[in-house]
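Following: one structure in structure tokens, then a few remarks.
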Amino acid sequence: MSSPAPNVRSGRIHTSGPVVAVTGAASGVGHLLALRLAASDEVRKVVAIDERRGEVPGALWRVMDVRDPAIADRLRVEGHPVDVLVHLALDLNLESDPKARTAFNVRGTQTVLTAAAAAGVRRVVLVTSAMVYGALPDNDVPLAEDAPLRATAEATCVGDLLEIERLGRRAPRAHPGLNVTVLRPAVLVGGMDTALTRYFESPRLLVVAGSRPRWQFCHVEDLVSALEYAALEKAEGEMAVGCDGWLEQEEVEELSGIRRMELPQSVALGAAARLHRLGLTPSPAGDLEYTMHPWVVSGSRLHEAGWRPKWTNEEVLAELLEEVAGRHTVAGRRLGRKDAAASLGAAGATVALVGTAALVRRARKRRGI
């Protein structure tokens with residue numbers, strides 16, 4: 001599935017619709033959204049904010065760090081504040097230093113919210129993840145948007161996302177008149193590199209014994225269209241974004257053609273924790289929880305506003321498998337061809353090491369050692 005080319009407009013300010021600022025507009029989701037908004041007849045002007053200039057025809061660029069308090073002065077066009085600010089300047093890179101990543105994400109969000117209030121922006125749109133609900137065996141399937149956020153900070157970037165959510169809830173109380181809307185996508189696919197997309201780069205899918213995961217995806221194109229809805233003020237509040245329904249683990253295995261490797265929970269989690277502690281993998285043990293228990297969301301609030309996903313879970317999984325073809329990952333760590341050949345039959349470093357240990361134990365038992 002592909003998107004139509006955007007209808008490029010001139011740089012003039014249209015007389016109707018909101019002026020929308022987008023942080024992180026030079027790349028990733030921010031760039032895709034800025035392009036979409038710049039091509040929309042419902043948007044008066046796009047203000048693109050990033051540390052480097054990108055290619056968004058017709059946008060007004062503000063090249064700066066979102067942590068700079070001076071951003072408040074740049075959220076104006078012809079003397080008037082922008083109407084909506086969509087904050088997408090986040091570092092979610094698995095390879096980033098965790099402390100530096102958290103400092104950037106939290107400080108950036110805090111500065112953007114304060115600057116938006118000071119400039120007179122009426123709405124800020126934040127993006128976190130449905131991971132903030134937590135992956136727990138007793139979760140409702142699907143989860144309602146107002147379900148409690150029960151995640152812990154033990155999975156990659158989830159601590160940052162929980163803090164961003166806290167800042168978003170606090171901002172309207174500290175700055176009356178400021179609306180904060182939050183979008184929480186399911187497993188994001190489409191040029192994304194996350195611990196959950198890397199799960200499908202392994203030659204075997206790790207399944208923890210006794211668990212029953214459900215898989216729900218969100219294509220980047222659907223997230224961008226949902227963000228456009230929020231920017232145009234067609235929907236507000238805390239909203240989940242994803243494909244309708246979900247896939248059972250057995251369906252994922254059948255559709256992908258990748259077989260499972262099953263391990264006891266204590267063994268899988270213990271090995272993952274040790275590997276991460278030793279610095280051998282970027283993924284902490286908490287990431288495994290999201291492959292064990294359900295965290296499927298309903299997306300009812302966006303549906304009630306008239307938004308619908310264009311992608312199905314099956315279609316997104318097919319695209320993901322096409323994207324990761326030829327890559328070899330061991331518990332979140334990418335391998336070269338030589339290393340990968342030595343790890344075939346494993347679902348990651350956790351599976352490789354633990355699986356090898358299990359084979360050794362069985363061999364010793366057979367020999368009576």
Side-chain angles (χ1 to χ4, degrees), residues 17-25 29-30 33-34 37 43-51 60-92 102-129 132 145-146 148-149 151 153 157-185 223 226-241 301-302 305:
V19 176
V20 183
V22 179
T23 68
V29 177
L33 177 64
L37 294 176
V43 174
R44 186 156 33 123
K45 188 68 178 176
V46 173
V47 178
I49 303 171
D50 210 316
E51 294 181 75
L60 178 62
W61 278 92
R62 310 294 199 196
V63 180
M64 64 187 309
D65 189 321
V66 293
R67 294 169 293 180
D68 186 346
I71 193 173
D73 297 327
R74 311 305 300 277
L75 295 176
R76 292 180 172 273
V77 176
E78 296 187 351
H80 299 285
V82 302
D83 300 295
V84 180
L85 188 157
V86 184
H87 179 46
L88 295 168
L90 296 176
D91 179 5
L92 302 178
T102 294
F104 177 82
N105 290 336
V106 174
R107 176 67 183 278
T109 301
Q110 192 171 40
T111 302
V112 162
L113 288 167
T114 302
V121 177
R122 66 172 181 253
R123 172 178 290 206
V124 174
V125 180
L126 303 175
V127 176
T128 60
S129 167
V132 297
E145 269 102 343
D146 59 1
L149 307 186
C157 296
V158 172
D160 294 4
L161 301 179
L162 288 169
E163 181 61 17
I164 289 169
E165 293 257 358
R166 188 186 70 81
L167 292 170
R169 288 193 300 273
R170 190 176 67 181
R173 296 196 295 269
H175 308 289
L178 178 66
N179 175 288
V180 176
T181 291
V182 180
L183 270 64
R184 300 168 179 155
L223 175 59
L227 284 167
E228 182 184 35
Y229 246 67
L232 294 174
E233 302 178 88
K234 296 178 180 180
E236 64 178 27
E238 297 167 344
M239 299 177 288
V241 193
R301 288 180 179 164
L302 273 168

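All values below were derived from every heavy atom in this structure, side-chain atoms included, with hydrogens, water molecules and symmetry-related copies excluded.
Minimum interatomic distance between A151 and L162 (heavy atoms only, all atoms of both residues): O-CD1, 3.6 Å. The two atoms that bring G159 and A153 nearest to each other are CA-CB, 3.7 Å, heavy atoms only. Residues E145 and R301 approach most closely at OE2-N, 3.4 Å, considering heavy atoms. The minimum heavy-atom distance between G168 and L126, with the atom names listed, is CA-CD1, 3.9 Å. Taking all atoms of both residues into account, the shortest heavy-atom contact from A119 to R76 is O-NH2, 3.4 Å. Looking at every heavy atom in both residues, V43 comes nearest to P18 through CG1-O, 3.5 Å.
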- prompt: side chain to side chain contact (heavy atoms under 4.5 Å, CB included) between M239 and V182: does it pass, once the steps are laid out?
  reply: CA-CA 6 Å; M239 299 177 288; V182 180; over 6 Å; no
query: So L85 and V125, side chain to side chain contact (heavy atoms under 4.5 Å, CB included) or not? Walk me through it.
result: CA-CA 6 Å; L85 188 157; V125 180; over 6 Å; no
message: Walk me through whether R122 and L178 qualify under side chain to side chain contact (heavy atoms under 4.5 Å, CB included).
response: CA-CA 5 Å; R122 66 172 181 253; L178 178 66; over 6 Å; no
task: List the steps and the verdict of side chain to side chain contact (heavy atoms under 4.5 Å, CB included) for K234 and E228.
output: CA-CA 9 Å; K234 296 178 180 180; E228 182 184 35; over 6 Å; no
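Although no hydrogens or angles enter the test, the distance criterion places no donor-acceptor pair under 3.5 Å between the side chain of R123 and the main chain of N179. Remark: side-chain polar atoms of E51 are not paired, donor with acceptor, to backbone N or O of D65 under 3.5 angstrom. Under a 3.5 Å cut-off, the side chain of R184 and the backbone N or O of V127 do not form any donor-acceptor pair. The main-chain N or O of L88 is found under 3.5 Å from a side-chain atom of T23 such that the two form a donor-acceptor pair. No donor-acceptor pair closer than 3.5 Å links the side chain of N105 to the backbone N or O of D160.
Using a 4.5 Å cut-off on side-chain heavy atoms (C-beta onward), L113 and L167 make contact. The shortest side-chain heavy-atom distance between L227 and V29 falls under the 4.5 Å cut-off. Two residues are said to be in side-chain contact when any heavy atoms from C-beta on lie closer than 4.5 Å; Q110 and E163 fail this criterion. Between V77 and L60, the closest side-chain pair of non-hydrogen atoms falls below 4.5 Å. With a 4.5 Å cut-off on side-chain heavy atoms, T111 and V66 do not count as touching.
One finds the OG1 atom of T102 at 9.0 Å from the CG atom of D91 (value rounded to the nearest 0.5 Å). Remark: L223 CG to L33 CG distance equals 8.5 Å, nearest 0.5 Å. Taking CZ from R62 and CD1 from I71, the interatomic distance works out to 10.0 Å, rounded to the nearest 0.5 Å. The structure places CZ of R107 at 9.0 Å from CG of D68, a figure rounded to the nearest 0.5 Å. For the atom pair CG (L183) and OG (S129), the distance works out to 11.5 Å, reported to the nearest 0.5 Å.
The only option from I49, V112, V47 that meets the side-chain contact (heavy atoms from CB on, under 4.5 Å) definition with L75 turns out to be I49. V19 pairs in a side-chain contact (heavy atoms from CB on, under 4.5 Å) with only one of the listed residues (V84, V82, V121, V46), which is V82.
Salt-bridge check for R44 with D83: passed, with a basic side-chain N closer than 4.0 Å to an acidic carboxylate O.
E236 and T181 form no side-chain donor-acceptor contact under 3.5 Å, judged by distance and modelled atom types alone.
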